Amino acid sequence: MLDIKLIRESPDLVRAGLQTRRAPVDIAAVLALDERRRAAITEGDRLKNARNEISRKIGLLKKAGEDTSGIQRQTREMGERIAALDADVRAIEDEQRRLLLAIPNLPHASVPVGEDATGNVVIREWGQKRHFDFPAKDHVALGEALGLFDFARAARMSGAGFPLLTGPGARLARALIQFMLDLHTTRHGYTEVAPPFLVSTAAMTGTGQLPKLAEDMYHVPGDDLWLIPTAEVSVTNIYREEIIRDPLPIKLVAHTPCFRREAGAAGQATRGLIRVHQFDKVELVKFADPATSYAELEALVGDAEDVLQTLGLAYRVLQLCSGDMSFAAAKCYDLELWAPGHQGWLEVSSCSNFESFQARRAEIRWKNPQGKTEFVHTLNGSGVALPRLLVALLENGQQADGSVVLPEVLRPYLGGLDRLTPKT
RNA sequence: GGAGAGAUGGCGGAGUGGCUUAACGCGCCGGUCUUGAAAACCGGAUCCCGCGCAAGCGGGACGGGGGUUCGAAUCCCUCUCUCUCCGCCA
C-alpha cells in the first residue's frame, strides 16, 4: 500500500512511477476521497472539542445541584451531528483503503522500464553450462527410470500438478531441504521458523496477495482460511500489527509447502515438476532498516546464489523490469538454473525488496535509532524452490548410463549415497 | 463440541458513569551524585488522525465492532482471542 501522504504531496511522481507498471491507476479518485476525509475530520474534531467542554461543565453544575436539562438537550443534537460525521469518515476511509489496496508498489529508481519479460536484464551468469556427448534426457525421463516419482498415481488422487515423490526421490527432496536450511542458518545467520500453512484473509492482505490474486490461491470456505502460496505470507505476518523492539535486520528462514492454483497457466510447461500446484520451498525473509534495505537485498540474493554455487549448478541472475515485477515489489531479482535436458533456464528464486509496501498493509513498524516509530522494509526470496532445483540437479548430473551423480555436499544427508541408479 | 473465567501501556497490575490528565510496582531512557558502577533522588517516556510555516493546538485509542448517555476503561449487545475443566483426537 502506498502512503496517502506521498500521493497527496507528490501525485505526479506517483503517476509517473505507476505508468511504468502494467496497471495504470486513477490517483484522482483517491485524492478526492482524501480531501473529503480531512474536511469531515476537521469539522468532527471541532464539534467534539466543544462537546467535551460542555460535558465537563455539566458535571460541575450537577455537582452544585443545578438544573442542566436545557444545556443537555442542546448537546444531544451536537452528538447526533458528530455521529453522522464519524460515519462519513468511516465510509470514506473504507473506500479509500479499498482503492489503495489495489494500487501496486512504485518501482525503485534502479529498475529498468519495460513492458514484460523481454525487458528483463541479465545481471550475471555463474558456472559452466553442462554439455554431454550423449543425448541429454529431461527430468521426467530420468526420474521415471530412477523411480523418483509417480505422476500417474498422484493425478488419480488429486488431479494433475500434485507430485508424488517416491523412494529415493522423496529422500533426495528431504536432503535438499535440510541442506538448504542448514546452509542459511549456519552460514548466513538466519533463524529457522516453522509457520502455519493456512492463514487468514487479513494475513493474505498484509503481504499483498489479496485482494488481487484470490483466483490464484486455494481457499477453505468453511473456516475462511487460505493455503499459503509461499512462506513469505506466514513469515512476514509474524510481526503483523507490531512495533518491533529487537534490532534489525531480523532474518528468518522457513521450509513450507506452497499451494498455487496456477489458473490460466494450462499448457505452459506443465510437464513433470516444472509447474505444479503443490511444492516445497525454503524461503528467506528479512525485516530491515529502511536505510539499509537495498544492501540487504543484494545480500539476500547472494544467500540464495550460495545454494546454487555450493551445489555446483550453473545459473544466471535477472533483474526484472518495471512491467514484469510482482504487485508488491519495488525491486526484484530472479535466479534461473540451467537445465540441460530442457535446454532452457528455470526460475528457482525471486528475491524482492518491498520497501514499506507490505509493512504499511500489515502495520509492521520499529523504533529507529532516532526513537521514531516507522514502517520497516520487508524483503524475501526463495532459497530456493525445490522442484525445479531437483529438475536441474537430475539433468545436470546425468550420465550416459542413465544414472545421476549427486553433488558431494548432499551425500552426508543421503547416508553417503553418491549416485542414483536406474531400477533393474 | 459443552461449561466457566478473562483481555487495561514494554511487563505486572489497580480502576463499577464526571479532578483518570489511566494509580502503583517492575523494566526502560535522561539527569544529579560517583574515579567508574550500584544504590538513592529528580525528571521523562505510547500510538493514530486533523489543523498550523512553526512553537503548538485539537480529536481519538483500555482486545475488535456496535449501542445507551450531555459524558463510557467503567453499563448493554456482538465478534475474536486466551486460560481452566469436560468430551473427542494425531
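This is a predicted model, so every value here is computed, not measured. Lettering follows sequence order; numbering is per chain, from 1.
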Taking atom [atom2] of [N] as reference, at what distance in whole Å does atom [atom1] of [X] sit?
X: A:Arg90; N: B:rG50; atom1: CZ; atom2: C1'; result: 17 Å
X: A:Arg8; N: B:rC49; atom1: CZ; atom2: C1'; result: 10 Å
X: A:Arg360; N: B:rC49; atom1: CZ; atom2: P; result: 10 Å
X: A:Glu53; N: B:rG18; atom1: CD; atom2: C1'; result: 15 Å
X: A:Leu85; N: B:rG50; atom1: CG; atom2: C1'; result: 13 Å
X: A:Asn368; N: B:rC29; atom1: CG; atom2: C1'; result: 15 Å
X: A:Glu363; N: B:rA61; atom1: CD; atom2: C1'; result: 13 Å
X: A:Arg46; N: B:rG59; atom1: CZ; atom2: P; result: 13 Å

Under the ring-ring contact (aromatic ring centres under 6.0 Å, His included) rule, collect the residues that match up with [X], sequence neighbours excluded.
X: A:Phe151; result: A:Phe149
X: A:Tyr218; result: none
X: A:Phe179; result: none

Next on the checklist: I need the full list of side-chain hydrogen bond (donor to acceptor under 3.5 Å, both in side chains) pairs touching residues 153-164 of chain A, with sequence neighbours left out, sorted by first then second residue.
Outcome noted: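 Every side-chain hydrogen bond (donor to acceptor under 3.5 Å, both in side chains) pair that includes a residue of residues 153-164 of chain A, provided the two are not neighbours, is A:Asp150-A:Arg153.
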Checklist entry - With sequence neighbours left out, which residue pairs that include part of residues 1-10 of chain A fulfil the side-chain hydrogen bond (donor to acceptor under 3.5 Å, both in side chains) condition? => result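 side-chain hydrogen bond (donor to acceptor under 3.5 Å, both in side chains) check on residues 1-10 of chain A returns A:Arg8-A:Asp34.
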Next on the checklist: Quick check on side chain to side chain contact (heavy atoms under 4.5 Å, CB included): which of A:Lys286, A:Gln358, A:Arg361 does A:Thr378 satisfy it with?
Outcome noted: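 Between A:Thr378 and the candidates, side chain to side chain contact (heavy atoms under 4.5 Å, CB included) is satisfied uniquely by A:Gln358.
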Checklist entry - Do you know which of A:Cys258, A:Ser234, A:Pro196 makes side chain to side chain contact (heavy atoms under 4.5 Å, CB included) with A:Ile228? => result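 Exactly one candidate clears the test, A:Ser234.
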Expressed as a whole number of Å, how far does the [atom1] atom of [N] sit from that of [M]?
N: B:rG71; M: B:rC19; atom1: P; answer: 15 Å
N: B:rA22; M: B:rG10; atom1: P; answer: 14 Å
N: B:rG36; M: B:rG25; atom1: C1'; answer: 29 Å
N: B:rU82; M: B:rU74; atom1: C1'; answer: 22 Å
N: B:rC77; M: B:rA5; atom1: P; answer: 13 Å
N: B:rG67; M: B:rA54; atom1: C1'; answer: 42 Å
N: B:rU46; M: B:rC53; atom1: C1'; answer: 28 Å
N: B:rA72; M: B:rG64; atom1: P; answer: 16 Å

Distances under 3.5 Å between protein N/O atoms and the N/O atoms of nucleotides 44-47 of chain B, please, pair by pair.
unit_1	atom_1	unit_2	atom_2	d
B:rU46	O3'	A:Lys367	NZ	3.3
B:rC47	OP1	A:Lys367	NZ	2.5
B:rC47	OP1	A:Thr373	OG1	2.7
B:rC47	O3'	A:Arg365	NH1	3.1

Item to check | Steps toward salt bridge (Lys or Arg N to Asp or Glu O under 4.0 Å) verdict (A:Lys372, A:Glu374) | outcome: CA-CA 6 Å; A:Lys372 280 283 282 181; A:Glu374 68 178 346; over 6 Å; no
Checklist entry - What residue among A:Glu95, A:Glu93, A:Glu43 forms salt bridge (Lys or Arg N to Asp or Glu O under 4.0 Å) with A:Arg37? => result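 Filter result, single survivor: A:Glu93.
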Checklist entry - What about A:Asp45: does its side chain form a donor-acceptor pair under 3.5 Å with the base of B:rG50? => result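 Flag unset: no donor-acceptor pair detected.
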Item to check | ring pair (Phe, Tyr, Trp, His ring centres under 6.0 Å) contacts touching residues 346-393 of chain A (sequence neighbours left out) | outcome: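 Output for this query lists A:Phe327-A:Phe357.
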Item to check | A:Leu148 and A:Leu394: CA distance, side-chain angles, deciding distance, side-chain contact (heavy atoms from CB on, under 4.5 Å) verdict | outcome: CA-CA 10 Å; A:Leu148 305 184; A:Leu394 296 175; 3.6 Å; yes
Next on the checklist: Which residues pass the side chain to side chain contact (heavy atoms under 4.5 Å, CB included) test with A:Glu298, not counting sequence neighbours?
Outcome noted: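 Residues passing side chain to side chain contact (heavy atoms under 4.5 Å, CB included) with A:Glu298: A:Lys331, A:Tyr333.
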Item to check | Strand-adjacent residues in residues 31-44 of chain A, judged by heavy atoms under 4.0 Å from RNA chain B | outcome: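 Listed by number, they are A:Arg37, A:Arg38, A:Ile41, A:Thr42.
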Next on the checklist: Among residues at least two apart in sequence or on other chains, which ones pass salt bridge (charged side-chain N to carboxylate O under 4.0 Å, His left out) with A:Glu144?
Outcome noted: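 Applying salt bridge (charged side-chain N to carboxylate O under 4.0 Å, His left out) to A:Glu144 gives none.
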Checklist entry - According to the interplanar angle, ranging from 0 to 90°, do the rings of A:His277 and A:Phe162 count as parallel (below 30°), tilted (30 to 60°) or perpendicular (above 60°)? => result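 It falls in the tilted class, 30° to 60°.
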Item to check | Pairing pattern in dot-bracket form [Watson-Crick, G-U; both distances under 3.5 Å; | = partner strand] for RNA chain B | outcome: ((((((((.[[[..)..(.....]]].(((((.......))))).((((((....)))))).[[[[[..)....]]]]])))))))....
Checklist entry - Can you name the nearest heavy-atom pair linking A:Ser349 to A:Gly381, along with the distance? => result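 Taking every non-hydrogen atom into account, OG-C, 4.3 Å.
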Next on the checklist: Protein within reach of the bases, or only the backbone? For nucleotides 69-78 of chain B, mark each nucleotide 5' to 3' as B, S or -, using heavy atoms under 4.0 Å.
Outcome noted: SBS-------
